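Have a look at the structure below before the remarks.
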4 protein chains.
Amino acid sequence: MGGPTRRELQKQERRNQLLDTARGLFAAQGVEGTTIKDIADAAGVAQGLLYHYFASKEDLLWAIIARDNPFTDMSEIMSNAGDRPAREVLLQASLRAYQILAERAELFRIVVREFITRPEMRQGFKMIQAIALGLLTRYLEARIAAGELRPHNPDVTARMLIGAVLAGHLTGRPAEPYLAEVVDTLMEGIAAA
Amino acid sequence: MGGPTRRELQKQERRNQLLDTARGLFAAQGVEGTTIKDIADAAGVAQGLLYHYFASKEDLLWAIIARDNPFTDMSEIMSNAGDRPAREVLLQASLRAYQILAERAELFRIVVREFITRPEMRQGFKMIQAIALGLLTRYLEARIAAGELRPHNPDVTARMLIGAVLAGHLTGRPAEPYLAEVVDTLMEGIAAA
Amino acid sequence: MGGPTRRELQKQERRNQLLDTARGLFAAQGVEGTTIKDIADAAGVAQGLLYHYFASKEDLLWAIIARDNPFTDMSEIMSNAGDRPAREVLLQASLRAYQILAERAELFRIVVREFITRPEMRQGFKMIQAIALGLLTRYLEARIAAGELRPHNPDVTARMLIGAVLAGHLTGRPAEPYLAEVVDTLMEGIAAA
Amino acid sequence: MGGPTRRELQKQERRNQLLDTARGLFAAQGVEGTTIKDIADAAGVAQGLLYHYFASKEDLLWAIIARDNPFTDMSEIMSNAGDRPAREVLLQASLRAYQILAERAELFRIVVREFITRPEMRQGFKMIQAIALGLLTRYLEARIAAGELRPHNPDVTARMLIGAVLAGHLTGRPAEPYLAEVVDTLMEGIAAA
DNA sequence: CATGAATGAGGGTTCATTCAT
DNA sequence: AATGAATGAACCCTCATTCAT
């Protein structure tokens, strides 16, 4: 029987509140630049309380990443591509990725910043990238096999698309018409006929 | 008469030594994660000496950026494009950018990391990106006008190329054949004829 | 309900303990000559704790001054002069001032020392002196108006009395018979009849 | 035979320049608040040079005090009192003391500040005060014996005059008419006839 | 005589973490 | 569950002093 008790619910809420608060500050000031006191003050609690929910500041960081990790979300998207035209599928995937980046902008900033220098996090970064790359590459291979795309190295295409999406996000470009143009260019190339 | 004295030479050498040491540590551990003591120990000098050359840790960071800034280097490259085929020019530019990123990998890691969270540095970042984008965009416009490339939005192409170069660098891809494939894809597209 | 809780009481006690300890050391060695470690060690606490109670060493100094400031104490004295003979009132005021200087000798030493060189404190010094001078001057004016004292510039008399009290304190003269002689001289002069 | 050489003169000038520079900074910022670099920069020389002239910062402080000590100057004044009226002599002495305080204001500030907390300097302070007090007291005793002043404790009068002079100086009062009023009050008292 | 690079001890301050309440 | 007083290790930086040039 079951379900969470009232108390467990409150506990979850408090935990989420602390995660939200910490995520905002981490994104704005960096992990090193944010003190436990900052987080406690912003959340309106005492410093000590954070140690009831998280073993350390490091643990708090990992808890944020674990909770807001968007990968389960992403993997579904590519699975349902079916037989629609590649241009349409790639555009939809780009748009969705853009959307996720916007929604998770704070997490993204935290992760990029920390991944750059922390050796133990670089490992995780490679995994993440491999997943996204894998999803895309497998899709492209299927479309080449189906004859919709000309034979080429799909890994390169995947990296170009991901790079263009990231570059657009980082430089604040609106999704429209940028992503459509990217996909068009990818499909047709820029050489004069 | 003239020329740097022995003492001035030594001063420059010492200064460069400290900049090199700091750059390596900043890149490896982040600016926050590197202490003045770390740098002094690695350079084999006393902590106090750093303050003989740089007013503060912050000042030291800016001194690294100022010294290793690759912009003058980059702008020359696109100016000498002349009338060679676009495929060749874009590939050469990509290769050179890759090379610069490799040479300045440490600076690049430092800068990206710090730019992500420091507001005063974001400004600088936008400038940098605008320069690179501008160089590329102007070149593409010229080739469209010359009829070598089909009419399209060159800003998108520029971002795609930059994104692909950055993504390749960040994920440790060797330049060959990656960059050639990127440029080919950009020129011809991936759609089946 | 109400009143301070146990914890609030302890907080006040601890705060006062730290102020007492710091005051003693500041008086003995000067503010610059006293380190936070000195204070913490003397109080038997960790250095960090001082920053739980005071934002900085400077703040600690001001907190001592604020707590031990004798002005409310002093202003009452002159208000209750009533119609007693001036000789009696001036003597009583001198004695009381002497007493305060003795009680607050540490604060006094600190304040004089810091006021001499810190521009921002000189301001405060002028205010303090103006208050004491004002109290005395107003009293003397009233007694001149009442015909008890001969017409003269009361500001000068006030400064002479204050000067004599300070000089006596600084050179360690016992209050008796010094202050009585000072007041007598002030009342009668030293010229032969 | 004879006279300081050119080089010795230059040496003296340089020494005096350094003493002047240091005195100004010590007075303005306190001894602790002044760095050797401050002094060297203000004098336009290298830090190391100060150690050619003075063994340490402490030594530099004592050298200032030794050079600018005003006592020889002061003792002559009271010796030549002769038989002039006491009012005139006391006023002249007060004026001269005021003048000396003004001329030596910097030294005075330094000395007071350091004397307050340095045990080894308190000793010197007592000597100084004893000298001034002695000169004045002996003069007053002579005038009492001569019948010009009524019998009283001259030590008290001396302290009152010194106190009034110091208080006036510290609070920035102009010499005129303050000192004349002080001497008048001292001579005649403030009681109504 | 003069320079200023170099040292190294120590200062004020910060902050993640602990623990009695 | 929640508080916040208390700790102590480090951090950035300062500065009197030394010494090779």
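All values below come from the heavy atoms of this structure, side chains included, with hydrogens, waters and symmetry mates left out. What you are looking at is a predicted structure, and each value in this text was computed from that prediction instead of being measured. Chain A is the first sequence line, chain B the second, and so forth, proteins listed ahead of strands; every chain is numbered from 1.
- Judged by atom type and distance alone, Q47(B) does not reach the base of dC12(F) through any side-chain donor-acceptor pair under 3.5 Å.
- Heavy atoms of I36(B) sit under 4.0 angstrom from primed sugar atoms or phosphate atoms, though from no base atom.
- Here dA20(E) sits opposite dT3(F) as a Watson-Crick or G-U wobble pair (both hydrogen-bonding atom distances under 3.5 Å).
- Atoms CG (D59(D)) and P (dA16(F)) sit 14 Å apart, rounded to a whole Å.
- A distance-only check finds no donor-acceptor pair linking the side chain of K37(D) to the backbone of A46(D) [under 3.5 Å].
- A side-chain contact (heavy atoms from CB on, under 4.5 Å) with I64(A) is found for exactly one of V111(A), L107(A), D20(A), namely L107(A).
- Nucleic acid contact for F54(B): none, since no nucleic acid atom lies under 4.0 Å from a heavy atom of the residue.
- One atom, CG of D38(D), and another, C1' of dT14(F), lie 11 Å apart when rounded to the nearest Å.
- R14(C) is listed as a side-chain neighbour of V45(C), based on a closest heavy-atom distance under 4.5 Å.
- For the pair Y51(C) and dT13(E), the criterion of a side-chain N or O lying under 4.0 Å from OP1 or OP2 is met.
- A salt bridge is defined here as a Lys NZ or Arg NE, NH1 or NH2 lying under 4.0 Å from an Asp or Glu carboxylate O, and R23(A) with D68(A) meets this definition.
- dC15(F): Watson-Crick or G-U partner is dG8(E), with both key distances under 3.5 Å.
- H52(A) contributes a side-chain N or O that forms a donor-acceptor pair with the base of dA2(F) under 3.5 Å.
- Side-chain atoms of Y53(B) lie closest to dA5(E) of the nucleotides dA5(E), dA2(E), dC12(F).
- Atom P of nucleotide dC13(F) and atom CG of L61(B) are separated by 12 Å, given to the nearest angstrom.
- Note: CG (D41(B)) to P (dT7(E)) measures 11 Å, nearest angstrom.
- dA9(F) is paired with dT14(E) under the Watson-Crick or G-U wobble criterion, all donor-acceptor distances under 3.5 Å.
- Between S56(D) and L49(A), the one whose closest nucleotide on DNA chain F sits nearer the 5' end is L49(A).
- One atom, NZ of K37(A), and another, P of dT18(E), lie 19 Å apart when rounded to the nearest Å.
- Remark on DNA chain E: of its neighbouring residues A46(B) and V31(C), the 5'-side contact belongs to A46(B), judged by nearest-heavy-atom nucleotide.
- In this structure, CD of E32(D) is placed 15 Å from P of dG10(E), rounded to the nearest angstrom.
- OP1 or OP2 of dG12(E) sits under 4.0 Å from a side-chain N or O of K57(C).
- OP1 or OP2 of dA6(E) sits under 4.0 Å from a side-chain N or O of R14(B).
- For the pair V31(B) and R113(B), the minimum side-chain heavy-atom distance is 4.5 Å or more.
- When each of A55(B) and K11(A) is assigned the nucleotide of DNA chain F bearing its nearest heavy atom, the one mapping closer to the 5' terminus is K11(A).
- Put simply, OH on Y53(D) and CG on D59(D) are 14.0 Å apart, with the number rounded to the nearest 0.5 Å.
- Here the P atom of nucleotide dA6(E) and the CD atom of Q17(B) are 9 Å apart, to the nearest Å.
- As rounded to whole Å, 17 Å separates atom C1' of dT3(E) from atom CD1 of I39(D).
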